[in-house]
Undergrad: 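Okay, handing you the structure first.
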Amino acid sequence: MTETLFGGPTLPPAYPERAAWGTAPKLRAWQQEALDLYLRASPRDFLAVATPGAGKTTFALRIASTLIDSGAVNRVTIVAPTDHLKRQWADAAAKVGIAIDPNFKNSDGQHGRGFIGVAVTYAQVASKPLLHRAKTEAARTLVILDEIHHGGEALSWGDGLREAFDPAVRRLSLTGTPFRSDTSPIPFVEYAEDRDGIRRSKADYTYGYGNALRDHVVRPVMFMAYSGQMRWRTSAGEEMAASLGEAAVTKDITSHAWRTALNPAGEWIPAVLAGADKRLSEVRRTVPDAGGLVIATDHEDARAYAGQLKRITGQSPTVILSDDAKASSKIEEFSAGDQRWMVAVRMVSEGVDVPRLSVGVYATSTSTPLFFAQAVGRFVRARKRGETASVFLPSVPQLMALANSMEMERDHALDRPEKEDGDGLFNPEDSLMDEANREEKASDSLTKGKFEALDSQASFDRVLFDGGEFGTGGEVGSEDELDFLGIPGLLDAEQVGTLLRQRQHEQLNRKNRKAPAAAQAPAPAVPDHRLLMDLRNELAKNVAAWSARTGTPHGVVHTKLRTVCGGPPVAQANEEQLQSRLRKLQDWFVGRK
């Protein structure tokens, strides 16, 4: 049994009724478990890590209500990353009887009459920490620190938080993504050494995406990856060309190909937007108010993408820009309406609640794990069982790795390991090189504008889901692409996996039926080195996916394939041998339950 937010017992819901943000009338199982833990311990500091969309706000407001009713606190201060989130918190608190003033300014000195507390931003606290300290000391204060990882963004922010809220009788810290790429300590967070001597953040309660997915609290996410041919001119005037996401290229080439793909003047982004809109139309067959969000790199791109969406759909999307005074009201209007698309830069990448968002386009070159997780978090909030989320993204290694590790739980590390593998966490030599090249990087930023994207072509690459990869690629608009764009919008995670395997099996059968006709063509006298390289790259991607899926080392997978299919090592294998190994690996994928 669990309790309602302020009343009697109810059955523990897998799905509370749809409710305003932070005000679900019933507690989910994880919220009840975390609440019981909090009430037993009655700690001064408590860190709850819960995946975006799981219901951190409801949990926090339940604790606030309990502490107010018991007399343990008589003032509440809520600290949020943005002005929009301040108002969102105040609205949610008001619906459960807690009056919070989101309009408080440092110059006011006092919050409005009739309020029990205020909602402020991290920047607001950092600019006048002594003011907030005085207010904290003047009452028994509960401080709710929403997305507490922001406290480590700058030394002044961290120092300001400590100065302002050290006297608080209770501090409740919340985050969906505790990990950061830097080593700045997050205030009021406990750190403990792991077996490698690395100090990592220690949560009092953790509820990750994997658990939330199993409990049907969040939506399953399908990542629709698109590749294609890119061509650009460098700052030195040299013309370059590469396939987006091509293996065995440098980071610079990958970066330039990525920038070329996102250029509004090319053909890649319009093709991906059109595919995303087809996906949205399919979802809206069963979820009529489903909406889509395009996350752009900057204001100029956002406006250009909005124009392309208008041409595709015939409707003007909602455009959210950080310098727009009406941005918050536009988000609220979109959330309450049934418009198809919203385009934004960064403002809706974290915390902002638009539950009807079901389809996303990741059209930004930002690739930090923190930003990626927060961006994907905009699409996973479930309203009823069976809703799915689809995120379209460039097929580049950084994003593919992040998409394949959605269920991985990470903590914030204060220290760096002495050695680093190829997954991009840290390498001391790279750090020294970054330090040495700081001036060159600064100079390069001045000439960044000389980069010129010439043209781009999109092609459908694959679907990533639950650590697996599906699809055999295909042209935009092909049957191979439409197989996945047309997946129904209401499916649970197990049904999604089953259907993806089925679609992949059908694609393999189609290709096998076409193979005999292709085999009649005369074989070239000289091996096609480009084809062999493509096959090796494709095999490497599939082996990597199988390795991630099963935990089997890459080398073991390759050895097993050689044993089953025969032939020499990959580097010496011919076209027929590589094709044979690809077919066997695909058979393993299809046969895995």
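Throughout, residue positions are numbered sequentially from 1 according to the sequence presented. In what follows, every heavy atom counts, from backbone to side chain, and hydrogens, waters and symmetry copies are set aside. Note that the coordinates shown come from a computational prediction; the quantities given were computed from them, not determined experimentally.
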Undergrad: Calculate, to the nearest 0.5 Å, the distance between atoms CD1 and OG belonging to Ile487 and Ser390 respectively.
TA: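 One finds 7.5 Å between CD1 of Ile487 and OG of Ser390.
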Undergrad: Check the pair Phe379, Val391 against side-chain contact (heavy atoms from CB on, under 4.5 Å), reporting the backbone distance first and the verdict last.
TA: CA-CA 8 Å; Phe379 307 97; Val391 178; 4.0 Å; yes
Undergrad: Taking Lys202 for its side chain and Glu190 for its backbone only, find out whether a donor-acceptor pair lies under 3.5 Å.
TA: no
Undergrad: Search all heavy atoms of Gly377 against all heavy atoms of Pro52 and return the closest pair with its distance.
TA: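 Heavy atoms of Gly377 and Pro52 come nearest at CA-CB, 3.6 Å.
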Undergrad: Are the side chains of Leu485 and Phe392 in touch, meaning some heavy atoms are under 4.5 Å apart?
TA: yes
Undergrad: Please determine whether side-chain contact (heavy atoms from CB on, under 4.5 Å) holds for the pair Tyr362 and Phe371, giving the CA-CA distance in whole Å, both sets of side-chain angles, and the decisive distance to 0.1 Å.
TA: CA-CA 11 Å; Tyr362 194 89; Phe371 183 83; 3.2 Å; yes
Undergrad: List the steps and the verdict of side-chain contact (heavy atoms from CB on, under 4.5 Å) for Val120 and Phe104.
TA: CA-CA 7 Å; Val120 295; Phe104 171 81; 3.9 Å; yes
Undergrad: Considering only heavy atoms from C-beta outward, does the side chain of Leu490 approach that of Glu387 to under 4.5 Å?
TA: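 With C-beta onward as the side chain, the pair touches.
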Undergrad: Mind checking whether Val359 and Trp341 have side chains closer than 4.5 Å, heavy atoms only?
TA: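 Val359 reaches Trp341 side chain to side chain.
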Undergrad: Please round to the nearest 0.5 Å and tell me the distance separating atom NZ of Lys105 and atom CG of Leu131.
TA: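 One gets 13.5 Å once the value is rounded to the nearest 0.5 Å.
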Undergrad: Could you tell me whether the side chain of Asp492 and the main chain of Arg385 form a donor-acceptor pair under 3.5 Å?
TA: no
Undergrad: May I have the step-by-step check of side chain to side chain donor-acceptor pair (under 3.5 Å) for Arg62 and Thr66, ending in yes or no?
TA: CA-CA 6 Å; Arg62 182 67 169 86; Thr66 301; 2.7 Å; yes
Undergrad: Locate the shortest heavy-atom distance separating Leu35 from Leu27; write the atom from each residue and the value.
TA: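 Residues Leu35 and Leu27, closest heavy atoms: CD2-CD1, 3.8 Å.
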Undergrad: Counting C-beta onward and ignoring hydrogens, is there a side-chain heavy-atom pair between Arg279 and Thr388 closer than 4.5 Å?
TA: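 With C-beta onward as the side chain, the pair touches.
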Undergrad: Closest heavy-atom contact between Leu399 and Ser367?
TA: CD2-CB, 4.3 Å
Undergrad: Would you say the side chain of Met342 lies within less than 4.5 Å of the side chain of Arg378, judging by non-hydrogen atoms?
TA: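 Arg378 vs Met342: side chains apart.
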Undergrad: Do you know the tightest heavy-atom contact between Val283 and Ala290?
TA: CG1-CB, 3.7 Å
Undergrad: How many angstroms lie between atom CG of Asp83 and atom CD of Gln88, to the nearest 0.5 angstrom?
TA: 12.5 Å
Undergrad: Answer yes if the side chains of Glu33 and Tyr205 hold a donor-acceptor pair under 3.5 Å, and no otherwise.
TA: yes
Undergrad: Less than 4.5 Å apart, side chain to side chain, heavy atoms only: is that true for Asp204 and Pro43?
TA: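 With C-beta onward as the side chain, the pair stays apart.
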Undergrad: Does the pair Ile116 and Asn74 meet the rule for a side-chain contact (heavy atoms from CB on, under 4.5 Å), with working shown?
TA: CA-CA 7 Å; Ile116 195 173; Asn74 58 7; 5.6 Å; no
Undergrad: Please answer whether the main-chain N or O of His132 pairs with a side-chain N or O of Thr136 as donor and acceptor at a distance below 3.5 Å.
TA: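 Looks like yes, one N/O pair under 3.5 Å.
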Undergrad: Could you list the residues that satisfy salt bridge (Lys or Arg N to Asp or Glu O under 4.0 Å) with Lys330, not counting sequence neighbours?
TA: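 Lys330: salt bridge (Lys or Arg N to Asp or Glu O under 4.0 Å) contacts with Asp324.
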Undergrad: More than 12 non-hydrogen atoms from neighbouring residues, nucleotides or ligands closer than 6.0 Å to CD on Glu137, yes or no?
TA: yes
Undergrad: For residues 38-48, which residue pairs pass the side-chain hydrogen bond (donor to acceptor under 3.5 Å, both in side chains) check, not counting sequence neighbours?
TA: Tyr38-Arg170, Asp45-Arg171
Undergrad: In Å, rounded to the nearest 0.5 Å, how long is the span from CG of Leu85 to CD of Glu147?
TA: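 Rounded to the nearest 0.5 Å, the CG-CD separation comes out at 8.0 Å.
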Undergrad: Thinking salt bridges, do Asp159 and Arg162 make one under a 4.0 Å N-O criterion?
TA: yes
Undergrad: Rounded to the nearest 0.5 Å, what separation is found between the CG atom of Leu142 and the OG1 atom of Thr77?
TA: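 Output value for this atom pair is 8.0 Å.
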Undergrad: Would Arg340 and Ser281 count as having a side-chain donor-acceptor pair, cut-off 3.5 Å?
TA: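 Present: a donor and an acceptor within the cut-off.
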Undergrad: Is the backbone N or O of Ala139 less than 3.5 Å from a side-chain atom of Thr141, with the two atoms forming a donor-acceptor pair by type?
TA: yes
Undergrad: Is there a donor-acceptor contact under 3.5 Å from the side chain of Gln339 to the main chain of Thr318?
TA: no
Undergrad: So, do Thr121 and Lys86 sit near enough that their side-chain heavy atoms are less than 4.5 Å apart?
TA: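 Side chain of Thr121 against side chain of Lys86, heavy atoms only: contact under 4.5 Å found.
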Undergrad: Please give me the minimum heavy-atom distance between Leu464 and Ala403, naming the atom from each residue.
TA: CD2-CB, 4.0 Å
Undergrad: Work out which heavy atom in Val361 is nearest to a heavy atom in Ala276; give both atom names and the distance.
TA: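 In terms of heavy atoms, the two residues are closest at CG2-CB, 3.6 Å.
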Undergrad: From the options Arg356, Arg284, Lys384, Arg383, select the one residue that forms a salt bridge (charged side-chain N to carboxylate O under 4.0 Å, His left out) with Asp289.
TA: Arg383
Undergrad: Who passes side-chain hydrogen bond (donor to acceptor under 3.5 Å, both in side chains) against Arg285, sequence neighbours left out?
TA: Glu282
Undergrad: Does any part of the side chain of Phe465, heavy atoms only, come nearer than 4.5 Å to the side chain of Val496, both counted from C-beta?
TA: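 In short, these two side chains touch, coming nearer than 4.5 Å.
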Undergrad: Answer yes or no: is there a donor N or O on one side and an acceptor on the other, between the side chain of Arg140 and the main chain of Val169, under 3.5 Å?
TA: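 Between the backbone of Val169 and the side chain of Arg140 there is no qualifying donor-acceptor contact (under 3.5 Å).
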Undergrad: Using a distance-only test with no angle check, is there a side-chain donor-acceptor pair under 3.5 angstrom linking Trp30 and Asp215?
TA: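 The answer is no; no qualifying pair exists.
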Undergrad: Could you measure the distance from the CG atom of Leu213 to the CG atom of Asp466? Nearest 0.5 Å is fine.
TA: 7.5 Å
